[in-house]
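Here the structure is laid out as structure tokens; the discussion comes afterwards.
So that the names make sense, note that chain A is the first sequence line, chain B the second, and so on, each numbered from 1. This is a predicted model, so every value here is computed, not measured.
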Amino acid sequence: MTETELTSGGKAFVHHHAAHCETGVTAALFGDKGLEISEPMVFGIGSGIFFGHLPFVKWVGLPISTYRTQPGAVFRKAAKRLGGEFVTRKYRNAKKGMEEMRRVLKSGQIVGLTTNIYWLSYFPNRFRFQFNGHNIIVLREIEKGFRVSDPVLEKPVDCLTEDLLRARFARGPLEPHGFMYYPLSINPSPDLRAACIKGMEDTCNMMLRIPLPIFGIRGIRYLSKRLIKFEKTQGFDEACRQLGMIVRMQEEVGTGGAGFRYMYAAFLQEAAELFGSSDLGELSEEMTAIGDIWREFAVTAARIIKKRGKQEETFAKAGGLMLICAGREEELFKNLRDVAGKLKA
Amino acid sequence: MKVNEVPQDNTVEYYEGVKRACYAVNDEGKYVIVTSSGWSDEEFINGLAVKELAENLEKTRKAVLAGEKSPLAYHMERRQMIPEILGKTAGVAVFRVRRHLRPGIFSKLKGSILERYAEALAITIEELKTVPQN
């Protein structure tokens with residue numbers, strides 16, 4: 001789904017509907033400077049896929065499970081690996097931050113911003129929660145506000161100045177401090193092959209080699225084993241709340257389905273064409289199959305919570321599905337590491 | 001996931017007409033973006049979380065009316081904040097925010113502090129001093 005808008009410089013900006021905010025914004029900023037690159041490509045080059053289960057970091061009282069790297073990392077890594085030079089600014093003073101943004105917008109340049117999603121009132125109410133890592137693009141100033149291209153929405157929308165001010169300078173965990181970024185210069189013909197290889201190797205290292213039991217493949221195993229014992233250790237109600245949270249992190253927060261696994265499969269497919277490598281094509285298909293198991297896990301989880309007591313679907317089954325994912329992902333990333341090592345830049 | 005497997009459960013109430021982008025494989029085996037009108041399983045799980053928030057808020061509202069908590073507790077929760085976030089936003093130390101959640105202490109607060117809370121919560125001072133009756 002695309003939609004064309006004008007920036008204040010009179011240049012056309014094409015809005016692409018994307019699955020995830022950060023990759024969508026990064027791809028759009030590159031596209032605006034003339035380098036057409038897809039969202040999955042940015043995601044793969046920026047090594048966005050990950051897994052982590054943080055039982056001691058609580059968010060609305062529930063432990064966090066994440067299917068991606070920390071906010072901001074994809075943008076940073078993709079920009080570096082694609083040879084884009086970006087201006088990144090944070091502000092102590094909110095007024096100054098807004099003035100600077102207006103100045104840049106007037107010059108005809110679009111900007112990416114990190115915001116708090118709760119204060120963006122153009123979102124449906126049920127998506128609005130205190131989370132300080134949502135990325136959007138501001139196109140131009142309009143009466144009483146700004147024209148905003150939010151990649152997870154189908155079309156550009158209007159945002160009130162007051163909302164944007166609050167969203168940019170919200171406080172709490174991961175404070176954005178009005179974080180603003182825009183490209184200064186972009187390499188029009190970057191070495192895509194080298195960037196892809198770097199992205200894949202980085203991903204394999206993160207998934208396989210972090211020596212902590214809560215990250216990567218080890219993290220999936222750790223969570224699935226916790227999940228199997230959930231009912232005994234937490235009680236049924238609390239176990240359901242935590243299970244619900246895991247599914248929300250997997251499906252709801254703009255992942256493109258199955259906790260970014262489908263998006264990564266799309267990246268592997270594009271890379272397979274780029275390198276003409278059938279190995280990568282097979283890995284892409286395997287990733288899709290793994291994604292399907294993650295989906296099955298989500299369906300099972302929903303059934304467990306719906307049935308409440310009737311023991312058709314159990315926590316043991318949900319945990320078992322996740323263990324299968326862990327095993328197959330481990331195999332996949334080991335293969336990917338071998339394949340990426342043999343590819344020529 | 002195949003293109004025709006992308007959930008189209010039309011969960012209007014939840015999505016408010018917003019469609020979400022999903023990655024799926026088309027007939028030729030290529031990945032494409034498909035817009036989904038919602039997935040009922042996801043809606044169900046998100047609905048539970050939303051319901052829990054609403055129930056807790058209702059409990060707090062009743063506690064305020066019963067004089068057990070200050071209206072600040074209600075408005076903080078309505079904005080999905082906790083004392084740490086509210087304290088930073090309003091520029092008030094967290095232990096003071098916690099004290100101000102007690103009705104007796106809240107009722108004696110100076111106008112300047114109330115103004116800071118009202119500004120942080122994006123409401124007027126009059127709203128801050130009361131909670132909806134029903």
Side-chain angles (χ1 to χ4, degrees), chain A residues 1 16-20 24 39-40 60 62 118-119 123-130 151-154 162-163 166 169-173 175 240-241 243-245 247-248 251-252 254-258 261-263 265-267 269-270 281 284-285 288 291-292 295 298-299 301-303 305-306, chain B residues 1-2 5-7 11-26 28-54 56 76-92 119-122:
Chain A
M1 193 68 64
H16 290 276
H17 193 189
H20 182 55
E39 185 194 8
V60 289
L62 297 166
Y118 181 84
W119 294 107
F123 261 101
N125 272 329
R126 293 175 83 168
F127 293 157
R128 290 172 63 188
F129 44 86
Q130 291 281 352
V152 303
L153 299 179
E154 276 183 290
E162 200 194 281
D163 283 356
R166 283 183 186 278
F169 294 92
R171 308 295 303 264
E175 287 174 13
C240 280
R241 285 182 69 215
L243 185 62
M245 182 70 172
V247 176
R248 287 179 69 195
E251 296 299 336
E252 190 187 282
T255 66
R261 265 59 190 167
Y262 289 139
M263 208 199 287
F267 160 69
Q269 190 174 66
E270 251 192 274
S284 165
E285 277 167 30
T288 309
D292 289 340
R295 288 293 269 209
V299 173
R303 284 208 194 112
I305 303 172
K306 258 182 217 167
Chain B
M1 191 165 54
K2 300 255 166 53
E5 288 166 5
V6 174
T11 51
V12 178
E13 192 199 330
Y14 161 39
Y15 270 33
E16 296 179 22
V18 171
K19 289 195 175 171
R20 177 157 319 158
C22 290
Y23 281 88
V25 182
N26 68 9
E28 286 117 55
K30 280 247 173 287
Y31 261 99
V32 287
I33 287 190
V34 182
T35 52
S36 158
S37 64
W39 185 20
S40 57
D41 283 344
E42 187 204 321
E43 185 200 25
F44 168 74
I45 286 175
N46 179 278
L48 286 182
V50 171
K51 211 173 105 198
E52 195 184 307
L53 280 180
N56 288 343
M76 178 178 82
E77 220 176 302
R78 195 165 72 88
R79 292 293 186 205
Q80 297 180 18
M81 287 184 178
I82 48 175
E84 282 77 9
I85 299 181
L86 178 61
K88 274 188 169 175
T89 314
V92 180
E119 164 68 24
L121 294 164

Subject >> Selection from A/Ala265, A/Ala170, A/Gly24, A/Ser284 maximising heavy-atom pairs under 4.5 Å formed with chain B >> reply: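 Most heavy-atom pairs within the cutoff with chain B belong to A/Ala265.
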
Original post:
Who wins among A/Glu39, A/Glu162, A/Met245 for the most heavy-atom pairs under 4.5 Å with chain B?
Top reply: A/Glu39

Between [atom1] of [X] and [atom2] of [Y], what distance do you get to the nearest 0.5 Å?
| X | Y | atom1 | atom2 | result |
| --- | --- | --- | --- | --- |
| B/Tyr23 | A/His20 | OH | NE2 | 11.0 Å |
| B/Arg20 | A/Leu153 | CZ | CG | 10.0 Å |
| A/Tyr118 | B/Ile85 | OH | CD1 | 11.5 Å |

Can you give me the closest heavy-atom contact between [X] and [Y], atom names plus distance?
| X | Y | answer |
| --- | --- | --- |
| B/Ala21 | A/Ala19 | O-CB, 3.6 Å |
| A/His17 | B/Ile33 | O-CD1, 3.4 Å |
| A/Val299 | B/Trp39 | CG2-CZ2, 3.6 Å |
| A/Arg248 | B/Ala49 | NH1-CB, 3.1 Å |
| A/Trp119 | B/Ala122 | CZ3-CB, 3.9 Å |
| B/Gly29 | A/Gln269 | O-NE2, 2.6 Å |

Original post:
With only heavy atoms counted, which part of B/Ala24 is less than 4.5 Å from chain A, the side chain, the backbone, both or neither?
Top reply: neither

Subject >> Region of B/Val25 in contact with chain A, defined by heavy-atom distances below 4.5 Å >> reply: side chain

Subject >> Sole candidate of B/Asp41, B/Ile45, B/Leu48 that passes side-chain contact (heavy atoms from CB on, under 4.5 Å) when paired with A/Lys306 >> reply: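 Testing A/Lys306 for a side-chain contact (heavy atoms from CB on, under 4.5 Å) against B/Asp41, B/Ile45, B/Leu48 leaves exactly one candidate, B/Asp41.
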
Original post:
Do you see a donor-acceptor pair shorter than 3.5 Å between the side chains of A/Thr288 and B/Tyr31?
Top reply: yes

Please classify the contact between [X] and chain B as side chain, backbone, both or neither, with a heavy-atom cut-off of under 4.5 Å.
| X | answer |
| --- | --- |
| A/Pro173 | side chain |
| A/Ala266 | both |
| A/Val152 | backbone |

Subject >> A/Gln130 side chain vs B/Arg79 backbone, donor-acceptor pair below 3.5 Å >> reply: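 Yes, the answer is positive, given that a donor and an acceptor are paired below the 3.5 Å cut-off.
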
**OP:** Dump the intermediate steps for salt bridge (Lys or Arg N to Asp or Glu O under 4.0 Å) on B/Glu84 and A/Arg171, then the final yes or no.
**Re:** CA-CA 9 Å; B/Glu84 282 77 9; A/Arg171 308 295 303 264; over 6 Å; no

**OP:** Check the pair B/Glu42 / A/Val247 against side-chain contact (heavy atoms from CB on, under 4.5 Å), numbers first and verdict last.
**Re:** CA-CA 8 Å; B/Glu42 187 204 321; A/Val247 176; 6.0 Å; no

Original post:
Are B/Lys88 and A/Glu175 within salt-bridge range, i.e. N to O under 4.0 Å?
Top reply: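 Here B/Lys88 pairs with A/Glu175 in a salt bridge, since their nearest N and O are under 4.0 Å apart.
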
**OP:** Carefully, step by step, assess B/Glu5 and A/Arg295 under the rule side-chain contact (heavy atoms from CB on, under 4.5 Å).
**Re:** CA-CA 11 Å; B/Glu5 288 166 5; A/Arg295 288 293 269 209; over 6 Å; no

